[in-house]
Amino acid sequence: MARAVTNTRKTVNTVIAWSIGLLIFFPILWTILTSFKTEAQAINDPPLFLFFDWTLENYAAVQERSNYMRFLWNSIIIAGGSTLLGVIIAVPAAWSMAFVPSKRTKDILLWMLSTKMLPAVGVLYPIYLIFIQLGLLDTRVGLVVVLMLINMPIIVWMLYTYFREIPVEILEASRMDGASLRDEILYVLAPMALPGIASTVLLNFILAWNEAFWTLNLTAAKAAPLTAFIASYSSPEGLFFAKLSAASTMAIAPILLLGWFSQKQLVRGLTFGAVK
Amino acid sequence: MATQHSRSAARLMMAPAVILLLGWMLVPLTMTLYFSFKKFLPLRGDSLGNGLEWVGLENYSRFVGSSSFWPSVQATLIIVGSVLVITVVLGTLLALLLDQPMWGQGIVRILVITPFFVMPTVSGLVWKNMFMDPINGILAHLFKFFGAQPLEWLSQASMQSIIMIVSWQWLPFATLILLTAIQSLDSEQLEASEMDGAPVLKRFWHIILPHMSRAITVVILIQTIFLLSIFAEIFVTTAGAFGTKTLTYLIFQRVLESQNVGLGSAGGVYAIILANIVAIFLMRIVGKNLDR
């Protein structure tokens, strides 16, 4: 860029942007800080920021009350399983839509997206009954299937927009050069498709991890993921800010770390491939 | 180019996704429709096995006739509309800011994106207790510091509170999409207009905003899909009290709390109709805007 930017202006930008950034981030920061306080310090007036006796007792208390690892494991299986299964089914579909489009391709895509608009609550009881019939209530398999289905439209849509960016000419050129189908997939298509697939997997893993309608309504003790783990703290029991904070931190830490480390791919995925 | 052979292969590759989604849509929908014409109170011994009594349109008229129906539609639309306006407007401003040269841009972006990773149950509880608690919440401390009477957020300003929580969750999404759009703007075009002496506001209105229209459409579409069905944020904060009962929440209460499946199903059909009205409206815009 040829525009000269004065240092003053850059400093002003920096100060404003950092202030707003910290303001937006503050609730999370505050939760993490509070999780290391004692309950008394957590409600100290005025609020304590950094100078308090850091303690891990809340984490121990939360772990004692509910077995964190089991919820964590359920979250991983449910989010991971539904995402993988969804991608396996969606890749061929998106692929054929992108490379062998027909007149109806766009209608199918829009129809898929419109199923996402069906209010889940409208079909809650039927799903509930079907789950009881099939013995799927409070099982991880059941939730994997449901979350796979509710995220399928988004997965197809995202993959479709990524695949469409792959130029067909390259495929034709490699074919003319005598590449076998196997070579074509392995050396030409896969490298071009992988970033898009990775972004899709990441974003849908996060969406599935945070899904809180079906996971709350279709699980009880056995298959409950972290969304349910934290919902059990919604009824207040006296002084509990610090424990709530510890539980919250435990629930969001894995996905926060994943999100921070994969930020670049994620930002690409966040736009659902629809904005460049 | 596409041969008959590759066409049928394509259809075959599409089949699993299409069939699964079709089943996922049709089976429960048919059941909901069926239940909505029946008296179905599982706690009083009604079950599919015993046969359900046909009540015609009674559930439908009772659901609309209930005093909570219109307020719930209103609450739904207010929440969705307000959050859309707040996130798009603030998201645009924030995106414009983040596009400026500064130090530590990457870190600011991470700070701004983070609320998106927080699950709705957590953000609901954290805001409810640690921020909106009228005695020990941060906002109460802030109010007292400025000599004001602390607010009982979730009862006195319940809708505003819910809108605030949900907007906080969705602002990162809007900001990032809009930022991506701004960054793809041809800087030469901007520089040219700058040299022509176009004032900032004019530049924004005539060059930046039109360029962002597609991104704004995407933000509105995707957020509406998720906002129409927000549930957990209300579940863990007000539980539908103080005027925050959305249509989703009202149906949830009818089906699971009062175990009136017939009535809830009729409500479900209404929710589906409402969602479809919004969907048709949106699909029109999106279908047009996504053609390149």
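Both backbone and side-chain heavy atoms feed into the values below; hydrogens, waters and symmetry mates do not. Below, read A as the first sequence line, B as the second, and so on, with proteins coming before strands; counting in each chain starts at 1.
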Within the distance-only criterion (no hydrogens, no angle test), does the side chain of A:Asn13 pair as donor or acceptor with the backbone N or O of B:Leu97 below 3.5 angstrom?
no
Below 4.5 Å, heavy-atom pairs only: which of B:Thr114, B:Ile251, B:Val112 has the largest tally toward chain A?
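Option with the top pair count is B:Thr114.
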Name the option with the most non-hydrogen atom pairs under 4.5 Å to chain A; the candidates are B:Thr30, B:Ile230, B:Leu22, B:Leu94.
B:Leu22
For a 4.5 angstrom cut-off between non-hydrogen side-chain atoms, does [X] reach [Y]?
X: A:Ile255; Y: B:Met119; result: no
X: B:Trp24; Y: A:Ile127; result: yes
X: A:Trp111; Y: B:Val18; result: yes

With chain B as the partner, which of [options] has the greatest number of non-hydrogen pairs under 4.5 Å?
options: A:Phe229, A:Tyr125, A:Trp209, A:Trp95; answer: A:Tyr125
options: A:Ala93, A:Ala90, A:Ala94; answer: A:Ala93
options: A:Lys116, A:Met148, A:Met97, A:Glu211; answer: A:Lys116

Just wondering, are more than 12 heavy atoms of other shown residues or ligands nearer than 6.0 Å to OH in A:Tyr128?
no
Go through the atoms of B:Phe235 and report whether side chain, backbone, both or neither lie under 4.5 Å from a heavy atom of chain A.
side chain
By a 4.5 Å heavy-atom criterion (distance strictly below it), what part of B:Ile138 contacts chain A: side chain, backbone, both, or neither?
side chain
One should read off an interatomic distance between A:Ile154 CD1 and B:Ile222 CD1, to the nearest 0.5 angstrom, of 6.5 Å
side-chain contact (heavy atoms from CB on, under 4.5 Å) partner of A:Ser248, the single match among B:Thr121, B:Val122, B:Asn129, B:Leu125
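Considering B:Thr121, B:Val122, B:Asn129, B:Leu125, a side-chain contact (heavy atoms from CB on, under 4.5 Å) with A:Ser248 is found only for B:Val122.
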Identified ring pair (Phe, Tyr, Trp, His ring centres under 6.0 Å) partner of A:Phe213 from the options B:Phe226, B:Phe231, B:Tyr249:
B:Phe231
